[in-house]
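Structure first, commentary second.
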Number of protein chains: 2
Amino acid sequence: MNIGEIARRAGVSRSTVSYALTGRRPVSAETRQRIQAVIDELGYRPNAAARALKEGRTRTLGLVIPPASARLTDMQLGFVASVVEAAAQADLDVLLSPSGGDHDRSFERLISGNRVDGVILMEIRLEDERVTRLHREGLPFVTIGHTAHPHGTCWVDVDYGTLVARCVHHLADLGHRGIALLNRSTELIAAGYGPAHRAQAAFAEAIHQRGLTGVDLPCADDPAAGEEWFEQLRDRHPGVTAITTINEAALPGLQRGIERLDVAVPREMSIAGVAARHWAEGFRPQLTAADVPTLEMGAHAVALLLERIATPTAPPRHLLLTPPISLRDSTGPARTT
Amino acid sequence: MNIGEIARRAGVSRSTVSYALTGRRPVSAETRQRIQAVIDELGYRPNAAARALKEGRTRTLGLVIPPASARLTDMQLGFVASVVEAAAQADLDVLLSPSGGDHDRSFERLISGNRVDGVILMEIRLEDERVTRLHREGLPFVTIGHTAHPHGTCWVDVDYGTLVARCVHHLADLGHRGIALLNRSTELIAAGYGPAHRAQAAFAEAIHQRGLTGVDLPCADDPAAGEEWFEQLRDRHPGVTAITTINEAALPGLQRGIERLDVAVPREMSIAGVAARHWAEGFRPQLTAADVPTLEMGAHAVALLLERIATPTAPPRHLLLTPPISLRDSTGPARTT
DNA sequence: TTGTAGGCGTTATCAC
DNA sequence: GTGATAACGCCTACAA
């Protein structure tokens, strides 16, 4: 079914059908109705490829997600959902590319065949080949997270540094003197994953400012690792009375470890961190944490990308969110033994 | 950058470039190399829209996921990941459509503008408008899950009925006389969600066969509901000594409820169910469960869809998986009080 | 208010 | 072994 067939059946020319559809030039009510009737009857919709070819745009956004091998965290899933949702609202489709590196076939297909009008990149590294690649290609893009050179690109991010610092200060205010940072995995840190590095730096800085003892320990992004992490912490750093976490995926394990070793929260151990709200509220006791607004971030990313597509020459804009830390039940005064 | 420009620079015609690229007709080694050199230099890739227009296929699959508002379960996420992965392996892209109903704009865009060569549908209802719609459109599709009329369509599913029955029999063999079914949500059941209905029927049947007392209770798909579910169970059905679950998302809550009420598993309460392996192994004690092979199912769905695209007239094929129940640590003999 | 015609970038048929 | 050319379905000047 194509526009020519509709035109034939409605007894008009193809252009009239096209104009009736787009409304870009007036069409008499009578012919418009006749055309619409035929369209409804045959269930016609313009061919997307032809339209894309003609208009030079695809009405499709690319979303680059971590490879399938890596299990998506709840937060990442939140981004995907919110991006897809926001795109759908703008009548845009989303093409998925599961890719880590630069030379991934699916990534290359996505960006270099004019398949999409713009790209949203998740899980950015401090030095990220894909960003360079996209720059070279001249394709509009927005990243969730930012690189070490943030000024040339459009991005949306959470200010992990400030949030971790606030957590440390909050805990210090409560009298804690030994605080541990439950960081992301060693591999991620080695790969130059920004949030982990920024959290590390801010943690060290805040610990230093308050004259505290800090323990910065990485942890793989899964429950089992979280459980082990807590055991090791209790074992090797008995002086620690509070934890700052940015590792959402390790929370269930942390919880199990706490229960297994029968540690009372917050009486014996305070915890404050950064997590999706859903995760923080699922923790027992509920976690004092900065709730990462994934929904909002995905929507912002799409909005920024649309701006960028509309005016690629405009200076890149950023959005660094510092969500408030919601006081829940996992932090309390340090025991004064 | 287009094929004409490449042709010009390589000093050949456009068709030669095209043939050098596709290999559909012999090109002398010398010219092929010259062309390749130009292509590499300029980083040319054929325009996807033009190719789709000419070839009449998009090399893209559509994946219809539950709307973003509904939080994806781990199992659903597993399907998405495996479908995307399998598609990438076949050099196909995946277009996402978050849609529940039939009249969703994004769903309509997906299926009626020739945007995709085929569609994979998740979260099928027993009576599903979208299936009807796809049939009418004549677009090849495969569903994960199946409708009440399974013979006309291609699908991949887990045999919830058999698995639930096996769980019941396993528990009955261990001497349990009162068994509860931790089902999916009331809304899902009301909406005609197949797995919930089939589990229900098989549960009732097995309970009857073994002359047991069965309690079939729905539960919303989230941890909080799981916790409440368990409390109510203990409260109202003290005779129940075993649980069969098909509600993965409620597991963390079930776990919390068990811990809070200080119930020993499996000494006081046995649990067997259906869940992603990841989830079952994360449970404490590890859950005796049929591990839903999401990875395999996604790959199968893609394979079936590709078959269907290649030969749309072939009789539809199905795949009903009955993964073995892995004995772990959550089931044991009923207490003989 | 409506129709005609050209071109978007490919691939494939036909001719050489 | 290679080149010209006609489609694919749509949109949009330009013409009437």
Side-chain angles (χ1 to χ4, degrees), chain A residues 1-36 38-39 42-60 91 93 109 111-117 137-139, chain B residues 1-39 42-60 91 93 109 111-117 137 139:
Chain A
M1 189 49 42
N2 60 36
I3 201 171
E5 181 66 15
I6 304 294
R8 205 180 56 70
R9 301 211 189 196
V12 293
S13 74
R14 293 183 328 203
S15 52
T16 303
V17 176
S18 178
Y19 285 119
L21 237 36
T22 63
R24 282 197 253 268
R25 112 178 163 183
V27 173
S28 78
E30 190 218 353
T31 39
R32 192 173 47 243
Q33 278 167 20
R34 201 167 64 243
I35 291 169
Q36 194 57 52
V38 178
I39 286 178
L42 301 183
Y44 163 78
R45 309 206 75 203
N47 178 298
R51 180 177 256 181
L53 179 58
K54 176 63 184 164
E55 294 193 329
R57 62 181 186 133
T58 58
R59 297 163 193 268
T60 303
D91 275 331
D93 287 316
R109 258 205 324 272
I111 66 169
S112 62
N114 288 307
R115 287 194 70 77
V116 295
D117 296 334
E137 195 70 26
L139 194 60
Chain B
M1 189 48 43
N2 60 34
I3 201 171
E5 180 66 15
I6 304 294
R8 208 180 53 72
R9 300 210 190 197
V12 294
S13 74
R14 290 181 325 200
S15 44
T16 303
V17 175
S18 177
Y19 285 119
L21 237 36
T22 63
R24 284 197 252 267
R25 111 179 165 186
V27 173
S28 78
E30 191 218 354
T31 40
R32 193 172 48 244
Q33 278 168 21
R34 203 166 65 243
I35 291 169
Q36 194 55 54
V38 178
I39 286 177
L42 301 183
Y44 162 78
R45 308 209 75 204
N47 178 299
R51 182 176 253 182
L53 179 57
K54 179 62 185 160
E55 294 194 328
R57 63 180 184 135
T58 58
R59 298 162 191 267
T60 304
D91 274 331
D93 287 315
R109 260 205 320 274
I111 65 169
S112 63
N114 288 307
R115 289 192 71 80
V116 295
D117 297 334
E137 195 69 27
L139 195 60

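These figures come from a predicted structure and were not determined experimentally.
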Problem - Sequence-aligned protein contact record of nucleotides 5-10 of chain D, with B where the base is within under 4.0 Å of a protein heavy atom and S where only the sugar-phosphate is - result: BBBBBB
Practice task
Carefully, step by step, assess D93(B) and R59(B) under the rule salt bridge (Lys or Arg N to Asp or Glu O under 4.0 Å).
Solution key: CA-CA 7 Å; D93(B) 287 315; R59(B) 298 162 191 267; over 6 Å; no
Exercise for the section: Could you give me the CA-CA distance, side-chain angles and deciding distance for L42(B) and I6(B), then say whether side chain to side chain contact (heavy atoms under 4.5 Å, CB included) is met? Expected result: CA-CA 8 Å; L42(B) 301 183; I6(B) 304 294; 4.0 Å; yes
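Between the CZ atom of R57(B) and the P atom of dT10(C) there is a distance of 16 Å, given to the nearest Å. I35(A) places its CD1 atom 13 Å from the P atom of dC11(D), with the value rounded to the nearest Å. Going from atom CZ of R24(B) over to atom C1' of dT13(C) covers 14 Å, rounded to whole Å.
For the residue pair T60(A) / R115(B), a side-chain donor-acceptor distance below 3.5 Å is found, with atom types taken as modelled.
Between dT1(C) and T16(A), no contact under 4.0 Å exists linking OP1 or OP2 to a side-chain N or O. OP1 or OP2 of dT2(C) sits under 4.0 Å from a side-chain N or O of T31(A).
Checked by atom type and distance alone, the side chain of S15(A) never pairs as donor or acceptor with a backbone atom of S13(A) at under 3.5 Å. Side-chain N or O atoms of T16(A) include none that pairs as donor or acceptor with a backbone N or O of V12(A) at under 3.5 Å. At distances below 3.5 Å, not a single donor-acceptor pair connects side-chain atoms of R14(A) with backbone N or O atoms of A7(A). Without hydrogens or angle criteria, R45(A) side chain to S112(B) main chain gives no donor-acceptor distance under 3.5 Å. The main-chain N or O of N47(A) is never found under 3.5 Å from a side-chain atom of N114(B) such that the two would form a donor-acceptor pair.
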Scan nucleotides 14-16 of chain C against the protein and return all N/O pairs shorter than 3.5 Å with their distances rounded to 0.1 Å.
residue, atom, partner, partner atom, Å
dC14(C), N4, R25(B), NH1, 3.4

